[in-house]
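Labels below follow one simple rule: chain letters A, B, ... track the order of the sequence lines, proteins then strands, and each chain is numbered from 1.
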2 protein chains.
Amino acid sequence: MLSKKTKYGLKALTFIAKSDGEDPVRVGEIAQNENIPQKFLESILLTLRKSGLLGSKKGKHGGYYLRKEPSEILMTDVMRVLEGPIAMVPCVSLNFYEKCDDCPDEHECSVHKLMVEVRDSTLSVFRNRTLADLSEV
Amino acid sequence: MLSKKTKYGLKALTFIAKSDGEDPVRVGEIAQNENIPQKFLESILLTLRKSGLLGSKKGKHGGYYLRKEPSEILMTDVMRVLEGPIAMVPCVSLNFYEKCDDCPDEHECSVHKLMVEVRDSTLSVFRNRTLADLSEV
DNA sequence: ATTAATCCTATCAGTTTAATAGGGATTACA
DNA sequence: TGTAATCCCTATTAAACTGATAGGATTAAT
(Lines give C-alpha, C1' and ligand atoms only; values in the text may rest on other atoms or scores of the structure.)
Protein backbone atom coordinates (compact mmCIF):
# COMPACT_ATOMS: atom_id res chain seq x y z
CA MET A 1 0.00 0.00 0.00
CA LEU A 2 1.11 3.46 -0.88
CA SER A 3 1.52 5.62 2.22
CA LYS A 4 -0.32 8.91 2.51
CA LYS A 5 3.05 10.55 2.70
CA THR A 6 3.90 9.36 -0.79
CA LYS A 7 0.48 10.12 -2.14
CA TYR A 8 0.53 13.65 -0.76
CA GLY A 9 4.08 14.13 -1.91
CA LEU A 10 3.25 13.13 -5.48
CA LYS A 11 0.25 15.42 -5.52
CA ALA A 12 2.29 18.30 -4.18
CA LEU A 13 5.02 17.81 -6.75
CA THR A 14 2.42 17.69 -9.49
CA PHE A 15 0.85 20.89 -8.17
CA ILE A 16 4.18 22.69 -8.13
CA ALA A 17 4.97 21.45 -11.63
CA LYS A 18 1.67 22.75 -12.92
CA SER A 19 2.02 26.21 -11.42
CA ASP A 20 5.30 26.68 -13.20
CA GLY A 21 5.64 30.40 -12.72
CA GLU A 22 8.84 31.92 -11.41
CA ASP A 23 7.52 32.32 -7.89
CA PRO A 24 7.92 29.59 -5.30
CA VAL A 25 4.71 27.89 -4.20
CA ARG A 26 3.52 28.20 -0.60
CA VAL A 27 2.77 25.07 1.42
CA GLY A 28 -0.56 26.53 2.47
CA GLU A 29 -1.65 26.94 -1.11
CA ILE A 30 -0.86 23.33 -1.96
CA ALA A 31 -2.48 22.01 1.19
CA GLN A 32 -5.68 23.91 0.50
CA ASN A 33 -5.97 22.90 -3.14
CA GLU A 34 -5.11 19.25 -2.64
CA ASN A 35 -6.91 18.64 0.67
CA ILE A 36 -3.77 17.80 2.59
CA PRO A 37 -3.21 18.60 6.29
CA GLN A 38 -0.80 21.51 6.15
CA LYS A 39 1.53 20.52 8.96
CA PHE A 40 1.85 17.03 7.58
CA LEU A 41 2.61 18.41 4.15
CA GLU A 42 5.27 20.69 5.61
CA SER A 43 7.24 17.70 6.80
CA ILE A 44 6.86 15.93 3.47
CA LEU A 45 8.11 18.89 1.46
CA LEU A 46 10.98 19.18 3.88
CA THR A 47 12.18 15.68 3.07
CA LEU A 48 11.74 16.36 -0.63
CA ARG A 49 13.92 19.41 -0.24
CA LYS A 50 16.55 17.56 1.73
CA SER A 51 16.66 14.92 -0.99
CA GLY A 52 17.45 17.60 -3.55
CA LEU A 53 14.28 17.38 -5.59
CA LEU A 54 12.87 20.65 -4.28
CA GLY A 55 14.42 23.98 -3.44
CA SER A 56 12.94 26.45 -1.02
CA LYS A 57 12.87 30.11 -0.25
CA LYS A 58 12.33 31.21 3.33
CA GLY A 59 10.44 34.15 4.76
CA LYS A 60 7.74 36.29 3.23
CA HIS A 61 6.94 35.36 -0.36
CA GLY A 62 8.78 32.13 0.23
CA GLY A 63 7.84 28.63 -0.81
CA TYR A 64 9.00 25.60 -2.74
CA TYR A 65 10.13 25.16 -6.33
CA LEU A 66 11.48 22.35 -8.52
CA ARG A 67 15.23 22.01 -8.86
CA LYS A 68 14.93 20.39 -12.28
CA GLU A 69 12.56 20.37 -15.21
CA PRO A 70 9.55 18.12 -14.60
CA SER A 71 10.61 16.00 -17.56
CA GLU A 72 13.91 15.31 -15.82
CA ILE A 73 12.40 14.18 -12.54
CA LEU A 74 12.11 10.41 -12.70
CA MET A 75 9.49 8.55 -10.71
CA THR A 76 12.13 6.09 -9.54
CA ASP A 77 13.84 8.90 -7.65
CA VAL A 78 10.64 10.36 -6.26
CA MET A 79 9.36 7.00 -5.08
CA ARG A 80 12.62 6.05 -3.41
CA VAL A 81 12.66 9.32 -1.48
CA LEU A 82 9.04 9.19 -0.42
CA GLU A 83 8.20 5.50 -0.15
CA GLY A 84 11.59 3.89 0.22
CA PRO A 85 12.54 0.69 -1.61
CA ILE A 86 10.67 -0.10 -4.80
CA ALA A 87 11.18 -3.83 -4.33
CA MET A 88 8.69 -5.73 -2.19
CA VAL A 89 11.44 -7.62 -0.40
CA PRO A 90 14.80 -6.24 0.77
CA CYS A 91 16.71 -9.21 -0.64
CA VAL A 92 15.65 -8.07 -4.10
CA SER A 93 16.18 -4.35 -3.69
CA LEU A 94 18.77 -2.60 -5.84
CA ASN A 95 19.18 0.42 -3.57
CA PHE A 96 18.27 -0.99 -0.16
CA TYR A 97 19.56 -4.57 -0.28
CA GLU A 98 19.40 -6.71 2.83
CA LYS A 99 19.80 -10.43 3.31
CA CYS A 100 16.86 -12.40 4.69
CA ASP A 101 17.19 -13.99 8.13
CA ASP A 102 15.38 -17.15 7.19
CA CYS A 103 16.81 -17.85 3.74
CA PRO A 104 19.92 -20.03 3.62
CA ASP A 105 20.40 -19.37 -0.10
CA GLU A 106 18.40 -16.72 -1.87
CA HIS A 107 19.19 -18.12 -5.29
CA GLU A 108 17.06 -21.13 -4.47
CA CYS A 109 14.25 -19.11 -2.93
CA SER A 110 10.97 -19.22 -4.80
CA VAL A 111 9.83 -15.91 -3.34
CA HIS A 112 13.04 -14.26 -4.43
CA LYS A 113 12.58 -15.34 -8.03
CA LEU A 114 9.04 -14.04 -8.18
CA MET A 115 9.85 -10.75 -6.51
CA VAL A 116 12.69 -10.03 -8.91
CA GLU A 117 10.15 -10.12 -11.69
CA VAL A 118 7.76 -7.84 -9.85
CA ARG A 119 10.55 -5.41 -9.10
CA ASP A 120 11.63 -5.27 -12.73
CA SER A 121 8.14 -4.71 -14.01
CA THR A 122 7.50 -1.95 -11.49
CA LEU A 123 10.82 -0.36 -12.26
CA SER A 124 10.00 -0.33 -15.95
CA VAL A 125 7.02 1.88 -15.15
CA PHE A 126 8.79 4.29 -12.83
CA ARG A 127 11.82 4.59 -15.09
CA ASN A 128 9.65 5.59 -17.99
CA ARG A 129 7.58 8.16 -16.16
CA THR A 130 8.58 11.62 -15.09
CA LEU A 131 6.84 14.39 -13.22
CA ALA A 132 6.00 15.87 -16.61
CA ASP A 133 3.82 12.87 -17.37
CA LEU A 134 1.96 13.26 -14.10
CA SER A 135 1.23 16.93 -14.59
CA GLU A 136 -0.25 16.56 -18.05
CA VAL A 137 -3.97 17.22 -18.14
CA MET B 1 6.74 -4.25 1.46
CA LEU B 2 5.76 -7.88 1.44
CA SER B 3 4.52 -9.02 4.84
CA LYS B 4 6.13 -11.99 6.53
CA LYS B 5 2.76 -13.64 6.40
CA THR B 6 2.82 -13.57 2.60
CA LYS B 7 6.44 -14.59 2.41
CA TYR B 8 5.94 -17.54 4.72
CA GLY B 9 2.75 -18.46 2.93
CA LEU B 10 4.46 -18.55 -0.44
CA LYS B 11 7.30 -20.64 0.91
CA ALA B 12 4.90 -23.06 2.50
CA LEU B 13 2.90 -23.47 -0.69
CA THR B 14 6.09 -24.07 -2.60
CA PHE B 15 7.18 -26.66 -0.06
CA ILE B 16 3.89 -28.51 -0.31
CA ALA B 17 4.01 -28.41 -4.10
CA LYS B 18 7.50 -29.88 -4.10
CA SER B 19 6.68 -32.76 -1.78
CA ASP B 20 3.92 -33.91 -4.10
CA GLY B 21 3.35 -37.34 -2.65
CA GLU B 22 -0.11 -38.49 -1.73
CA ASP B 23 0.28 -37.77 1.95
CA PRO B 24 -0.64 -34.40 3.42
CA VAL B 25 2.26 -32.31 4.73
CA ARG B 26 2.54 -31.50 8.43
CA VAL B 27 2.85 -27.88 9.57
CA GLY B 28 5.77 -28.83 11.76
CA GLU B 29 7.70 -30.23 8.84
CA ILE B 30 7.24 -27.07 6.81
CA ALA B 31 8.08 -24.82 9.74
CA GLN B 32 11.29 -26.69 10.43
CA ASN B 33 12.51 -26.80 6.85
CA GLU B 34 11.66 -23.21 6.01
CA ASN B 35 12.61 -21.57 9.31
CA ILE B 36 9.15 -20.33 10.08
CA PRO B 37 7.68 -20.03 13.61
CA GLN B 38 5.28 -22.93 13.75
CA LYS B 39 2.37 -21.26 15.49
CA PHE B 40 2.50 -18.35 13.10
CA LEU B 41 2.56 -20.72 10.15
CA GLU B 42 -0.44 -22.56 11.52
CA SER B 43 -2.56 -19.43 11.26
CA ILE B 44 -1.32 -18.72 7.76
CA LEU B 45 -2.13 -22.17 6.47
CA LEU B 46 -5.50 -21.85 8.09
CA THR B 47 -6.36 -18.79 6.01
CA LEU B 48 -5.06 -20.53 2.90
CA ARG B 49 -7.35 -23.42 3.65
CA LYS B 50 -10.33 -21.17 4.27
CA SER B 51 -9.68 -19.48 0.95
CA GLY B 52 -9.91 -22.82 -0.81
CA LEU B 53 -6.32 -23.09 -1.98
CA LEU B 54 -5.39 -25.75 0.52
CA GLY B 55 -7.20 -28.75 1.91
CA SER B 56 -6.43 -30.34 5.23
CA LYS B 57 -6.68 -33.60 7.05
CA LYS B 58 -7.00 -33.57 10.83
CA GLY B 59 -5.60 -35.91 13.44
CA LYS B 60 -2.66 -38.25 13.32
CA HIS B 61 -1.00 -38.38 9.92
CA GLY B 62 -2.88 -35.22 9.06
CA GLY B 63 -1.61 -32.16 7.31
CA TYR B 64 -2.19 -29.88 4.35
CA TYR B 65 -2.40 -30.57 0.64
CA LEU B 66 -3.08 -28.60 -2.54
CA ARG B 67 -6.61 -28.53 -3.87
CA LYS B 68 -5.44 -27.98 -7.44
CA GLU B 69 -2.45 -28.74 -9.57
CA PRO B 70 0.41 -26.29 -8.95
CA SER B 71 0.20 -25.19 -12.57
CA GLU B 72 -3.40 -24.13 -11.96
CA ILE B 73 -2.71 -22.02 -8.88
CA LEU B 74 -2.27 -18.46 -10.08
CA MET B 75 -0.15 -15.97 -8.17
CA THR B 76 -2.91 -13.39 -8.46
CA ASP B 77 -5.12 -15.58 -6.30
CA VAL B 78 -2.42 -16.44 -3.81
CA MET B 79 -1.35 -12.82 -3.41
CA ARG B 80 -4.87 -11.57 -2.93
CA VAL B 81 -5.51 -14.10 -0.20
CA LEU B 82 -2.25 -13.50 1.63
CA GLU B 83 -1.36 -9.89 0.99
CA GLY B 84 -4.71 -8.37 0.03
CA PRO B 85 -5.03 -5.88 -2.84
CA ILE B 86 -2.42 -6.01 -5.56
CA ALA B 87 -2.89 -2.32 -6.34
CA MET B 88 -0.92 0.23 -4.33
CA VAL B 89 -3.95 2.47 -3.90
CA PRO B 90 -7.55 1.36 -3.23
CA CYS B 91 -8.93 3.72 -5.88
CA VAL B 92 -7.11 1.64 -8.48
CA SER B 93 -7.86 -1.81 -7.13
CA LEU B 94 -9.91 -4.22 -9.22
CA ASN B 95 -10.98 -6.44 -6.34
CA PHE B 96 -10.87 -4.06 -3.38
CA TYR B 97 -11.94 -0.72 -4.87
CA GLU B 98 -12.49 2.27 -2.59
CA LYS B 99 -12.84 5.94 -3.35
CA CYS B 100 -10.25 8.33 -1.95
CA ASP B 101 -11.36 10.85 0.66
CA ASP B 102 -9.25 13.64 -0.69
CA CYS B 103 -9.76 13.25 -4.44
CA PRO B 104 -12.66 15.18 -5.96
CA ASP B 105 -12.24 13.42 -9.32
CA GLU B 106 -9.98 10.44 -9.66
CA HIS B 107 -9.85 10.74 -13.44
CA GLU B 108 -7.87 13.94 -13.04
CA CYS B 109 -5.61 12.55 -10.32
CA SER B 110 -1.97 12.23 -11.27
CA VAL B 111 -1.35 9.56 -8.67
CA HIS B 112 -4.26 7.52 -9.96
CA LYS B 113 -2.90 7.50 -13.50
CA LEU B 114 0.52 6.35 -12.40
CA MET B 115 -0.80 3.68 -10.08
CA VAL B 116 -3.00 2.18 -12.77
CA GLU B 117 0.15 1.53 -14.76
CA VAL B 118 1.93 -0.02 -11.80
CA ARG B 119 -1.06 -2.21 -11.06
CA ASP B 120 -1.22 -3.46 -14.63
CA SER B 121 2.45 -4.25 -14.82
CA THR B 122 2.36 -6.10 -11.51
CA LEU B 123 -0.74 -7.98 -12.56
CA SER B 124 0.94 -9.09 -15.75
CA VAL B 125 3.56 -10.83 -13.64
CA PHE B 126 1.19 -12.50 -11.21
CA ARG B 127 -1.20 -13.58 -13.95
CA ASN B 128 1.57 -15.33 -15.80
CA ARG B 129 3.05 -17.15 -12.86
CA THR B 130 1.69 -20.19 -11.08
CA LEU B 131 2.83 -22.21 -8.12
CA ALA B 132 4.43 -24.60 -10.60
CA ASP B 133 6.85 -21.85 -11.66
CA LEU B 134 7.81 -21.18 -8.05
CA SER B 135 8.52 -24.80 -7.26
CA GLU B 136 10.80 -25.42 -10.20
CA VAL B 137 14.41 -25.91 -9.18
C1' DA C 1 9.12 46.23 13.69
C1' DT C 2 5.78 43.42 11.61
C1' DT C 3 4.28 39.86 8.98
C1' DA C 4 4.57 35.70 6.46
C1' DA C 5 6.77 32.03 5.39
C1' DT C 6 9.97 27.85 6.00
C1' DC C 7 12.32 24.95 9.43
C1' DC C 8 12.80 21.75 13.25
C1' DT C 9 11.73 18.69 17.16
C1' DA C 10 8.72 16.37 19.92
C1' DT C 11 4.64 14.02 20.83
C1' DC C 12 0.51 11.25 20.30
C1' DA C 13 -3.31 8.06 19.23
C1' DG C 14 -4.43 4.49 16.38
C1' DT C 15 -3.38 0.63 13.57
C1' DT C 16 -0.81 -3.15 11.96
C1' DT C 17 2.48 -6.80 12.30
C1' DA C 18 4.73 -10.79 13.98
C1' DA C 19 4.65 -13.71 17.25
C1' DT C 20 3.11 -16.40 21.42
C1' DA C 21 -0.07 -18.97 24.44
C1' DG C 22 -3.36 -22.24 25.59
C1' DG C 23 -6.27 -25.29 24.82
C1' DG C 24 -10.32 -27.79 21.82
C1' DA C 25 -11.46 -31.14 18.33
C1' DT C 26 -10.34 -34.89 15.47
C1' DT C 27 -8.08 -38.95 13.74
C1' DA C 28 -4.89 -43.13 13.49
C1' DC C 29 -3.58 -46.91 15.58
C1' DA C 30 -1.90 -50.03 19.26
C1' DT D 1 -10.51 -47.78 24.41
C1' DG D 2 -6.81 -44.94 25.26
C1' DT D 3 -3.06 -42.15 23.70
C1' DA D 4 -0.40 -39.52 20.77
C1' DA D 5 -0.33 -36.61 16.90
C1' DT D 6 -2.28 -33.22 14.41
C1' DC D 7 -5.20 -29.47 12.83
C1' DC D 8 -8.36 -25.75 14.62
C1' DC D 9 -9.63 -21.55 17.03
C1' DT D 10 -9.40 -17.42 19.99
C1' DA D 11 -7.05 -14.27 22.66
C1' DT D 12 -3.13 -11.63 23.90
C1' DT D 13 1.07 -9.05 23.40
C1' DA D 14 5.14 -6.14 22.30
C1' DA D 15 7.03 -3.49 18.90
C1' DA D 16 6.88 -0.77 15.02
C1' DC D 17 4.77 2.25 11.89
C1' DT D 18 1.52 5.83 10.27
C1' DG D 19 -0.82 9.96 10.07
C1' DA D 20 -1.42 13.81 12.26
C1' DT D 21 -0.80 17.68 15.63
C1' DA D 22 1.69 21.19 18.53
C1' DG D 23 4.71 24.76 19.43
C1' DG D 24 7.90 27.46 18.49
C1' DA D 25 12.73 29.03 16.04
C1' DT D 26 14.50 31.10 12.09
C1' DT D 27 14.53 33.80 8.03
C1' DA D 28 13.27 37.34 4.72
C1' DA D 29 10.33 41.19 2.60
C1' DT D 30 8.17 45.33 3.32
Side-chain angles (χ1 to χ4, degrees), chain A residues 1-12 16 22-32 34-67 82-85 88-90 96 98 100-102, chain B residues 1-12 16 22-32 34-67 82-85 88-90 96 98 100-102:
Chain A
M1 276 291 145
L2 204 70
S3 66
K4 294 243 176 182
K5 178 183 173 187
T6 302
K7 189 183 176 191
Y8 292 160
L10 285 170
K11 284 190 168 191
I16 297 174
E22 295 301 304
D23 299 335
V25 186
R26 280 176 298 112
V27 175
E29 194 187 342
I30 306 173
Q32 214 170 347
E34 299 291 340
N35 301 307
I36 303 172
Q38 174 152 350
K39 277 291 194 178
F40 192 18
L41 184 56
E42 271 186 33
S43 71
I44 296 168
L45 296 187
L46 219 46
T47 70
L48 284 170
R49 197 217 59 192
K50 285 178 180 166
S51 80
L53 288 169
L54 289 179
S56 69
K57 193 177 169 225
K58 288 185 201 170
K60 203 168 189 176
H61 297 177
Y64 288 94
Y65 54 90
L66 300 175
R67 295 282 299 272
L82 290 172
E83 190 74 5
M88 295 186 85
V89 187
F96 302 83
E98 263 180 71
C100 299
D101 306 340
D102 48 322
Chain B
M1 276 290 146
L2 204 69
S3 65
K4 296 243 178 183
K5 178 182 173 186
T6 302
K7 190 183 175 191
Y8 292 160
L10 286 170
K11 284 190 169 193
I16 296 173
E22 295 301 304
D23 298 336
V25 186
R26 279 177 298 114
V27 176
E29 193 187 342
I30 306 172
Q32 214 171 346
E34 299 292 340
N35 301 307
I36 304 172
Q38 173 154 351
K39 276 293 195 176
F40 192 16
L41 183 56
E42 271 187 32
S43 71
I44 296 167
L45 295 188
L46 220 45
T47 69
L48 285 170
R49 197 216 59 191
K50 285 178 180 165
S51 80
L53 289 169
L54 288 180
S56 70
K57 191 176 169 227
K58 288 185 199 168
K60 204 168 187 177
H61 299 178
Y64 288 94
Y65 54 90
L66 300 175
R67 296 282 298 274
L82 290 172
E83 189 74 5
M88 295 186 83
V89 188
F96 302 83
E98 264 180 69
C100 298
D101 306 339
D102 48 323

Could you tell me how far apart [X] ([atom1]) and [N] ([atom2]) are, to the nearest whole angstrom?
X     : N      : atom1 : atom2 : value
A:K60 : C:dC7  : NZ    : C1'   : 19 Å
A:K57 : C:dA4  : NZ    : C1'   : 12 Å
A:E83 : D:dC17 : CD    : C1'   : 12 Å
B:K7  : C:dT17 : NZ    : P     : 16 Å
B:F40 : C:dT16 : CZ    : P     : 15 Å
A:I44 : C:dT6  : CD1   : C1'   : 15 Å
A:Q38 : C:dT6  : CD    : P     : 7 Å
B:E29 : D:dA5  : CD    : P     : 15 Å

Give one of base, sugar-phosphate or nothing for [X], where a contact means two heavy atoms less than 4.0 Å apart.
X     : answer
B:G63 : sugar-phosphate
B:K58 : sugar-phosphate
A:K50 : sugar-phosphate
B:G62 : sugar-phosphate

*Passes side chain to side chain contact (heavy atoms under 4.5 Å, CB included), A:Y8 versus A:N35? Steps please.*
CA-CA 9 Å; A:Y8 292 160; A:N35 301 307; over 6 Å; no
*Taking the nucleotide of DNA chain C with the closest heavy atom to each, which residue, B:S3 or A:G28, is nearer the 5' end?*
A:G28
*Kindly give the heavy-atom pair with the smallest separation between A:E34 and A:K11, and that separation in Å.*
OE1-CD, 3.8 Å
*If every non-hydrogen atom of B:P24 is compared with every non-hydrogen atom of B:Y65, which pair is closest and at what distance?*
CB-CD2, 4.2 Å
*Under 4.5 Å between any side-chain heavy atoms of A:H61 and A:D23, yes or no?*
no
*asked:* Would you say that B:L66 contacts B:L54 through its side chain, given a criterion of any heavy-atom pair below 4.5 Å between the two side chains?
replied: yes
*Relative to the 5' end of DNA chain D, which residue comes earlier, A:K5 or A:H61, by the nucleotide with the nearest heavy atom?*
A:K5
Below 4.0 Å: OP1/OP2 of [N] and any side-chain N or O of [X]:
X     : N      : answer
B:Y64 : D:dC8  : yes
B:R26 : D:dA4  : no
B:S43 : C:dA19 : no
A:Y8  : D:dA20 : yes

*asked:* Let's test your reading of the model: under 3.5 Å, does the base of C:dG14 pair with the side chain of A:K4 as donor and acceptor?
replied: no
_Any N/O donor-acceptor pair, A:K39 side-chain to D:dG24 base, under 3.5 Å_ = yes
*Selected nucleotide, minimal atom distance to B:R49 side chain, candidates D:dC8, D:dG19, D:dC7*: D:dC8
*Looking at A:D102 and B:K4, does any basic side-chain N land under 4.0 Å from a carboxylate oxygen?*
no
